[in-house]
Amino acid sequence: MLDARDVYGSYGVDVDQAIKTCLAIPISIHCWQADDVVGLEASITGVDSGGIMATGNHPGRARNGDEIRFDLEWVLDRVPGVHRVNLHAMYAETDGLAVPRDELAPVHFQGWMDWAEMQGLALDFNPTYFAHRLASDGFTLSHSSSGVREFWIRHGIACRRIASAFAARQGSDCVINHWIPDGAKDSPIDRWSPRSRLKTSLDEILREPLDGAVDAVESKLFGLGSEDYVVGSFEFYSQYATQSRALICLDMGHFHPTETIHDKLSALLQYHERLLLHVSRPIRWDSDHVVLFDDNLRAVFAELHRGGALGRVNVALDFFDASINRVAAYVIGIRATRKAVLAALLEPVARLRALEMEGRLAEKLALLEECKTLPFGQVWAQLCSQANVAGAEWIEDIAPYESKLSSMRLS
């Protein structure tokens with residue numbers, strides 16, 4: 001059997017370079033898969049989720065910051081490449097005190113910063129504009145009440161300062177992503193005023209330049225309780241990001257059920273220097289299923305590689321499934337994302353582009369089909385070996401870890 005290097009090399013692809021490049025691309029791991037988006041706030045009990053819901057009741061949910069970090073360490077030992085960790089503001093550690101969200105400060109994330117430094121990780125961040133009594137009617141930064149808006153503006157400003165502190169501590173930028181659940185369940189008459197208020201609120205939040213804090217704004221088609229109208233639509237944020245310092249965040253599940261995002265990349269990157277990508281897997285709706293190495297995911301990274309834009313996108317994960325082992329879900333999704341990056345880098349883009357330019361479209365299509373059966377698995381195994389992580393053997397670790405959690409986390 002031919003070595004995978006020789007097979008890919010016959011198509012002009014350098015396997016060793018592809019592995020090196022793939023391992024160096026950071027993937028930001030979301031903390032909220034570990035605890036079903038519950039958070040660590042002392043007063044969280046009984047507050048509406050604000051359009052975010054993890055379904056299932058598999059045993060072993062992390063209940064505090066130490067348990068989340070314990071799970072993440074298990075995960076990091078089983079995934080290859082460079083990683084970051086992405087926090088929401090609701091994961092502040094306040095020693096049991098109910099610190100208002102507009103008073104959060106870097107000190108409330110000291111434990112996270114210390115842990116990240118010990119692990120050699122960088123942190124990203126998100127304000128939490130949901131799961132709060134002042135978000136219970138479905139509006140925050142676009143609320144008709146100036147008092148409610150001002151609270152959430154102060155929260156956004158506080159979070160940007162926390163992100164800047166993360167950046168200073170870790171010596172690299174911290175991406176801070178702003179997603180709000182604001183919207184209406186059914187047929188609002190006034191779609192104009194909330195969007196005007198949202199723009200004004202965001203302008204105030206982003207007014208102060210802060211070293212290391214890289215802001216992003218995230219659109220959504222609909223959410224639970226905002227099925228008819230979402231204030232922060234794709235059209236709104238794509239324009240807002242163009243006229244502000246913010247990146248636009250594309251979440252793979254935030255568009256029409258049959259709409260994919262890969263075709264948007266070459267359009268948006270004509271006007272934006274960078275984008276934030278949230279890797280997720282919707283099934284019929286924005287259900288944030290565990291990411292798999294499927295056609296949609298492969299198309300996103302193939303498009304980025306074909307455009308030479310892999311270095312212009314911040315890659316972050318955003319899924320949560322409480323129906324299966326949570327740490328296994330992490331590993332599945334992270335490895336799937338890394339596989340999609342590798343598959344893109346192994347595509348013979350130069351040869352495919354030449355065939356297309358010469359009008360040899362049948363040959364281009366034939367080559368794309370042949371690429372599907374090239375020995376990708378051998379290259380993935382080599383990548384895992386170089387990164388000192390297990391191949392498929394990691395699956396054997398799931399049951400012992402689950403047994404350990406069941407005895408430690410009775411709930």
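A quick note: this is a predicted structure, and the numbers were derived from the prediction, not measured.
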Mind listing the side-chain donor-acceptor pairs of residues 337-346 below 3.5 Å, one per line with the distance, residues two or more places apart or on another chain?
residue: T337; atom: OG1; partner: G333; partner atom: O; Å: 2.9
residue: R338; atom: NE; partner: P80; partner atom: O; Å: 3.1
residue: R338; atom: NH1; partner: C22; partner atom: O; Å: 2.8
residue: R338; atom: NH1; partner: I25; partner atom: O; Å: 2.5
residue: R338; atom: NH2; partner: I25; partner atom: O; Å: 3.4
residue: R338; atom: NH2; partner: P80; partner atom: O; Å: 3.4
residue: R338; atom: NH2; partner: V82; partner atom: O; Å: 2.9
residue: R338; atom: NH2; partner: H83; partner atom: NE2; Å: 3.3

With sequence neighbours left out, write down each residue that passes side-chain hydrogen bond (donor to acceptor under 3.5 Å, both in side chains) with Y91, or none if nothing qualifies. D35
Would you mind listing every ring-ring contact (aromatic ring centres under 6.0 Å, His included) that reaches into residues 361-408, with sequence neighbours excluded? W74-Y401, F293-F376
Is the centre of the H132 ring less than 6.0 Å from the centre of the W152 ring? yes
Using a 3.5 Å distance criterion without hydrogens, assess whether the side chain of S280 forms a donor-acceptor pair with backbone atoms of D318. yes
Non-neighbouring partners of D251 that pass salt bridge (Lys or Arg N to Asp or Glu O under 4.0 Å), sequence neighbours left out: none
Applying side-chain hydrogen bond (donor to acceptor under 3.5 Å, both in side chains) to T260 and not counting sequence neighbours gives H262
Does any N or O in the side chain of D124 come within less than 3.5 Å of the main-chain N or O of V175, such that one atom is a donor and the other an acceptor? yes
Does the side chain to side chain donor-acceptor pair (under 3.5 Å) test come out yes or no for E204 and T200, once each step is laid out? CA-CA 6 Å; E204 180 61 22; T200 301; over 6 Å; no
Calculate, to the nearest 0.5 Å, the distance between atoms NE2 and CG belonging to H155 and L104 respectively. 6.5 Å
Residues that R306 engages under salt bridge (Lys or Arg N to Asp or Glu O under 4.0 Å), provided they are two or more places apart: E347
Backbone of V231 reached by a side-chain donor or acceptor of R195 within 3.5 Å: yes
Contacts of D203 that satisfy side-chain hydrogen bond (donor to acceptor under 3.5 Å, both in side chains) - sequence neighbours left out: K199, Y240
Under the side-chain contact (heavy atoms from CB on, under 4.5 Å) rule, collect the residues that match up with D190, sequence neighbours excluded. W192, S193, P194
Using side-chain contact (heavy atoms from CB on, under 4.5 Å) as the criterion, list what pairs up with T258, not counting sequence neighbours. none
Which residues pass the side-chain contact (heavy atoms from CB on, under 4.5 Å) test with A184, not counting sequence neighbours? P188, Y229
What residues form a salt bridge (Lys or Arg N to Asp or Glu O under 4.0 Å) with E218, not counting sequence neighbours? none
Applying side-chain contact (heavy atoms from CB on, under 4.5 Å), name anything that partners E117, two or more places apart in sequence or on another chain. R169
